[in-house]
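Sequence lines set the chain letters: A, B, ... in the order given, protein chains first and strands last, and positions in each chain run from 1.
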Amino acid sequence: MVSLPSMIDLSTRSEQERRRFEELELLREHGVNPYPVTFDKTHDASAVLVSFDDADPAPLADIAVAGRVMTKRKMGKASFWHIQDHSGRIQVYLKKDDLGEFYDVLHLFDIGDIVGIRGFAFRTRTGEISVHAREVVLLAKSVVPIPVAKEEQKDDGSVVKYDAFVDKEQRYRKRYLDLIVNPEIRETFRKRAQIISEMRRYFDERGWLEVETPILQPLYGGATARPFVTHHNALDVELYLRIADELYLKRLIVGGYEGVYEISKNFRNEGMDKTHNPEYTAMEIYVAYKDYIWMMEMTEDLLQSIVVKVFGTTTVTFAGTDLSFAAPFRRARMYDLFDEYTGKNLRGLSREELLAAAVALNVPVDPKASAMKILDEIFSVLVQPHLIQPTFVMDYPVEMSPLAKAHRTETGLVERFELFVMGKEVANAFTELNDPIDQRLRLEEQARIRAGGDDEAMVVDEDFLHAIEVGMPPTAGLGIGIDRLVMLLTNNDSIRDVLFFPQMRPERSSDS
RNA sequence: GAUCUCGUAGCUCAGCUGGCUAGAGCAUUUGACUUUUAAUCAAAGGGUCCUGGGUUCGAGUCCCAGCGAGAUCACCA
């Protein structure tokens with residue numbers, strides 16, 4: 001009979017878990033430490049597969065691999081396992097002749113255990129490069145069963161999965177299991193890391209400074225969204241989790257830096273769906289003495305450069321559509337796009353005229369909506385879906401952009417562009433507003449909208465205004481939604497598939 | 001926030017218009033098998049049918065409420 005610390009309540013455990021806790025003690029009785037300290041691994045699984053040479057197996061005659069046991073096939077006095085490490089899977093051959101008495105202890109090893117194997121590489125009769133074990137070392141006992149997905153290699157090379165771990169909820173909640181059982185998703189996260197890394201390298205090479213600005217802000221700004229509110233005990237003040245870092249980065253431009261950027265976790269207290277998570281990652285960059293035209297050229301060069309570096313080509317495929325990130329991208333002014341896709345000239349129309357246009361175009365809008373809202377609605381219904389290949393949309397109405405500089409020639413417009421790909425917004429940029437009087441007027445207008453009941457409108461940040469009064473050089477700013485960019489480049493249509501730990505509702509209700 | 005769909009063994013799923021002790025494959029246990037690969041063969045064990053009410057002689061199944069998830073829609077990046 002085995003004994004376990006009383007803190008482990010086996011009565012709440014499944015049959016398979018109880019069995020594994022027992023195995024833990026039985027292993028100890030056999031002198032096996034189920035949780036040793038280190039293991040001298042010499043090769044990744046993939047390295048063995050790549051470097052094995054049938055004509056000269058000698059270089060792999062004494063190797064050590066390590067990983068998680070994923071399959072076990074016992075055939076009496078010989079067994080085959082597959083173990084999985086960060087590079088992939090490799091088969092292990094275990095024979096009683098080589099392992100002696102210890103071979104009989106192997107039945108206490110389970111799928112899910114982490115093991116180390118010392119031995120030599122060889123090719124089996126059926127052609128699979130494998131490691132013939134001289135020694136098996138338990139590195140970590142797994143006491144709960146993991147989902148078992150079987151894979152079959154078809155003649156055409158395709159892999160069919162049986163009983164795959166597919167429950168989305170469980171995959172998101174227990175991402176560690178997802179990563180073990182569906183290792184192909186690791187590639188998405190590797191790509192995510194590479195995309196961010198290339199972006200950082202691109203900026204660093206140009207001498208722009210990566211900075212960190214407050215996540216806890218006494219006033220939130222730089223975007224229109226509802227914030228998370230928290231409280232600082234020592235100061236006894238409300239603080240907000242940032243919805244954007246824009247206003248702080250501009251303060252740094254005022255302070256004399258000529259190029260600053262931040263890869264920023266932002267927090268917005270709004271709904272969640274396929275493209276929205278309460279916390280998400282945005283990159284914002286500000287470069288002094290530049291305008292939005294320059295920023296457009298930088299943006300297309302940046303994206304082309306990232307795509308080439310990470311994917312080795314300028315084209316990626318999303319949902320069956322080839323997207324070309326070869327610069328230059330298409331550029332179109334917003335009102336020209338209205339001409340093109342609605343057949344109507346919407347320039348300079350009053351709210352009532354826009355409402356009539358929306359009705360004529362069969363775009364459902366709230367009859368009480370503002371002019372900007374109506375325009376935005378027509379754009380998103382009739383124009384946006386056509387913007388498949390990377391397209392810069394330029395020159396937005398001033399009311400939509402309280403932080404963007406008035407257009408140099410077109411009254412009523414600002415110098416702003418957004419980049420659309422697959423009908424989705426990927427980047428947003430403007431020539432930054434540095435006229436302190438205009439900026440104050442715009443923010444006060446936002447405050448009026450806010451007082452009118454729109455709690456997403458911006459609040460007036462006097463310190464920010466003071467900074468602009470001190471004087472900000474002409475500056476171009478750009479924001480890129482990192483999660484959405486990653487989705488686009490990795491062919492994932494849910495933000496939850498590009499975040500390791502997407503926000504989920506708590507699993508257990510508190511009322512029971 | 002609204003609508004629809006779903007929740008059964010560790011995993012993937014059956015379970016009809018309500019009716020014997022709730023099933024299958026994989027996984028687990030026992031046995032056979034010294035180059036297998038969805039290994040195979042034989043046997044066994046394993047369940048809070050999401051939770052709580054209700055209808056009924058009888059509920060995994062029907063009704064109500066709740067919890068969680070997915071999809072679609074609305075808003076936002």
Side-chain angles (χ1 to χ4, degrees), chain A residues 12-20 22-23 70-82 89 91-99 103 107 110-112 122-128 130 132 142-154 159-173 177 181 222-226 243-244 264 266-284 364 366 373 376-377 380 418 424-428 454 456 479-485 487 493-496 504-512:
Chain A
T12 64
R13 301 288 186 149
S14 72
E15 178 199 33
Q16 291 192 46
E17 289 174 356
R18 286 198 295 270
R19 145 113 194 125
R20 289 189 179 211
E22 281 176 24
E23 284 175 344
M70 298 304 289
T71 69
K72 288 179 74 183
R73 288 181 300 281
K74 186 183 175 189
M75 331 212 7
K77 296 185 178 61
S79 296
F80 292 89
W81 297 355
H82 274 102
R89 287 188 184 189
Q91 182 170 256
V92 177
Y93 179 52
L94 309 137
K95 201 160 73 158
K96 180 151 187 170
D97 292 346
D98 301 301
L99 300 172
Y103 184 82
H107 81 277
D110 288 297
I111 289 173
F122 75 113
R123 189 184 292 273
T124 65
R125 189 182 292 164
T126 50
E128 181 164 349
S130 308
H132 189 132
S142 171
V143 292
V144 295
I146 61 171
V148 176
K150 295 223 171 188
E151 294 179 1
E152 181 183 15
Q153 182 107 29
K154 293 289 190 188
V159 174
V160 181
K161 274 199 177 190
Y162 298 89
D163 298 338
F165 182 52
V166 294
D167 186 311
K168 287 252 185 197
E169 178 180 357
Q170 289 307 314
R171 291 179 59 190
Y172 296 143
R173 287 190 194 279
L177 286 180
V181 181
T224 55
R226 283 206 300 276
I243 59 173
S264 164
N266 295 339
F267 307 85
R268 298 195 179 178
N269 206 342
E270 293 169 342
M272 298 159 48
D273 61 25
K274 264 201 310 201
T275 56
H276 297 84
N277 196 66
E279 58 180 290
Y280 70 100
T281 305
M283 187 293 303
E284 288 194 30
D366 180 353
K373 195 81 186 164
D376 201 30
E377 198 60 29
S380 58
E418 292 188 297
K424 303 265 168 44
E425 183 195 339
V426 171
N428 181 23
D454 184 350
E456 289 189 354
I480 294 178
I482 296 293
D483 311 286
R484 292 186 179 178
L485 179 64
M487 287 164 63
D493 77 340
S494 173
I495 195 170
R496 296 184 155 190
M504 302 288 279
R505 275 201 170 77
E507 204 162 5
R508 295 194 182 285
S509 60
S510 53
D511 61 341
S512 57

Between [X] ([atom1]) and [N] ([atom2]), how many Å, whole number?
{"X": "A:Glu151", "N": "B:A27", "atom1": "CD", "atom2": "C1'", "value": "15 Å"}
{"X": "A:Lys95", "N": "B:C33", "atom1": "NZ", "atom2": "C1'", "value": "15 Å"}
{"X": "A:Lys168", "N": "B:G68", "atom1": "NZ", "atom2": "P", "value": "20 Å"}
{"X": "A:Glu270", "N": "B:A74", "atom1": "CD", "atom2": "P", "value": "16 Å"}
{"X": "A:Asp163", "N": "B:C26", "atom1": "CG", "atom2": "C1'", "value": "5 Å"}

Can you tell me which nucleotide in [options] comes closest to the side chain of [X]?
{"X": "A:Arg496", "options": "B:A38, B:G68, B:G70", "result": "B:G70"}
{"X": "A:Ser130", "options": "B:U28, B:C11, B:U36", "result": "B:U36"}
{"X": "A:Glu152", "options": "B:G10, B:C33, B:A38", "result": "B:A38"}
{"X": "A:Val148", "options": "B:C26, B:A74, B:U28", "result": "B:C26"}
{"X": "A:Tyr93", "options": "B:G70, B:U35, B:U29", "result": "B:U35"}
{"X": "A:Arg173", "options": "B:U35, B:U29, B:A69", "result": "B:A69"}
{"X": "A:Pro147", "options": "B:C33, B:C11, B:U29", "result": "B:C11"}

When rounded to the nearest Å, what value does the distance between [atom1] atoms of [N] and [M] take?
{"N": "B:G52", "M": "B:G7", "atom1": "C1'", "value": "16 Å"}
{"N": "B:A32", "M": "B:C16", "atom1": "P", "value": "41 Å"}
{"N": "B:C20", "M": "B:A65", "atom1": "C1'", "value": "32 Å"}
{"N": "B:U48", "M": "B:G10", "atom1": "P", "value": "7 Å"}
{"N": "B:G60", "M": "B:C50", "atom1": "P", "value": "10 Å"}
{"N": "B:C64", "M": "B:U3", "atom1": "P", "value": "13 Å"}
{"N": "B:C4", "M": "B:C62", "atom1": "P", "value": "16 Å"}
{"N": "B:A59", "M": "B:C73", "atom1": "C1'", "value": "35 Å"}

Heavy atoms only, 4.0 Å cut-off, all strands: where does [X] land among base, sugar-phosphate and nothing?
{"X": "A:Gln16", "result": "base"}
{"X": "A:Val144", "result": "nothing"}
{"X": "A:Asp376", "result": "nothing"}
{"X": "A:Ala164", "result": "sugar-phosphate"}
{"X": "A:Glu279", "result": "nothing"}
{"X": "A:Lys96", "result": "nothing"}
{"X": "A:Glu128", "result": "base"}
{"X": "A:Asp97", "result": "base"}
{"X": "A:Gln91", "result": "base"}
{"X": "A:Lys161", "result": "nothing"}
{"X": "A:Glu377", "result": "sugar-phosphate"}
{"X": "A:Phe122", "result": "base"}

I want to check one thing: is the phosphate of [N], taken as OP1 and OP2, less than 4.0 Å away from some side-chain N or O of [X]?
{"X": "A:Arg73", "N": "B:U36", "result": "no"}
{"X": "A:Lys150", "N": "B:U12", "result": "no"}
{"X": "A:Lys72", "N": "B:A27", "result": "no"}
{"X": "A:Arg505", "N": "B:G68", "result": "yes"}

Classify the ring geometry between A:Tyr93 and A:Phe122 as parallel (under 30°), tilted (30 to 60°) or perpendicular (over 60°).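 Judged by the thresholds at 30° and 60°, the geometry between A:Tyr93 and A:Phe122 is tilted.
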
Heavy-atom pair with the smallest gap, counting every atom of [X] and [Y]:
{"X": "A:Ile243", "Y": "A:Arg268", "answer": "O-NH2, 2.7 Å"}
{"X": "A:Arg505", "Y": "A:Arg173", "answer": "O-NH1, 2.7 Å"}
{"X": "A:Lys274", "Y": "A:Met487", "answer": "O-CE, 4.0 Å"}

Between A:Phe165 and A:Thr281, name the one whose nearest nucleotide on RNA chain B is closer to the 5' end.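 Its nearest nucleotide lies further toward 5', so the answer is A:Phe165.
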
For A:His132 and for A:Asp167, find the nucleotide of RNA chain B with the closest heavy atom, then tell me which residue's nucleotide is more 5'.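 It is A:Asp167, whose closest nucleotide lies nearer the 5' terminus.
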
Using a strict 4.0 Å threshold on nitrogen-to-oxygen distance, state whether A:Glu15 and A:Arg19 make a salt bridge.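 Salt bridge between A:Glu15 and A:Arg19, a charged N being under 4.0 Å from a carboxylate O: no.
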
Taking the side chain as every heavy atom from C-beta outward, state whether A:Asp97 and A:Lys77 have any atom pair closer than 4.5 Å.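 With C-beta onward as the side chain, the pair stays apart.
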
A:Glu128 and A:His82: side-chain donor and acceptor closer than 3.5 Å?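 A donor-acceptor contact under 3.5 Å links the two side chains.
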
Would you state whether a donor and an acceptor, one from the side chain of A:Glu169 and one from the base of B:G68, lie under 3.5 Å apart?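 Check fails, no donor-acceptor contact within cut-off.
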
Kindly say whether A:Phe80 contributes a backbone atom to a donor-acceptor pair with the side chain of A:Arg73 at under 3.5 angstrom?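 No, because the side chain of A:Arg73 does not come within donor-acceptor range (under 3.5 Å) of the backbone of A:Phe80.
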
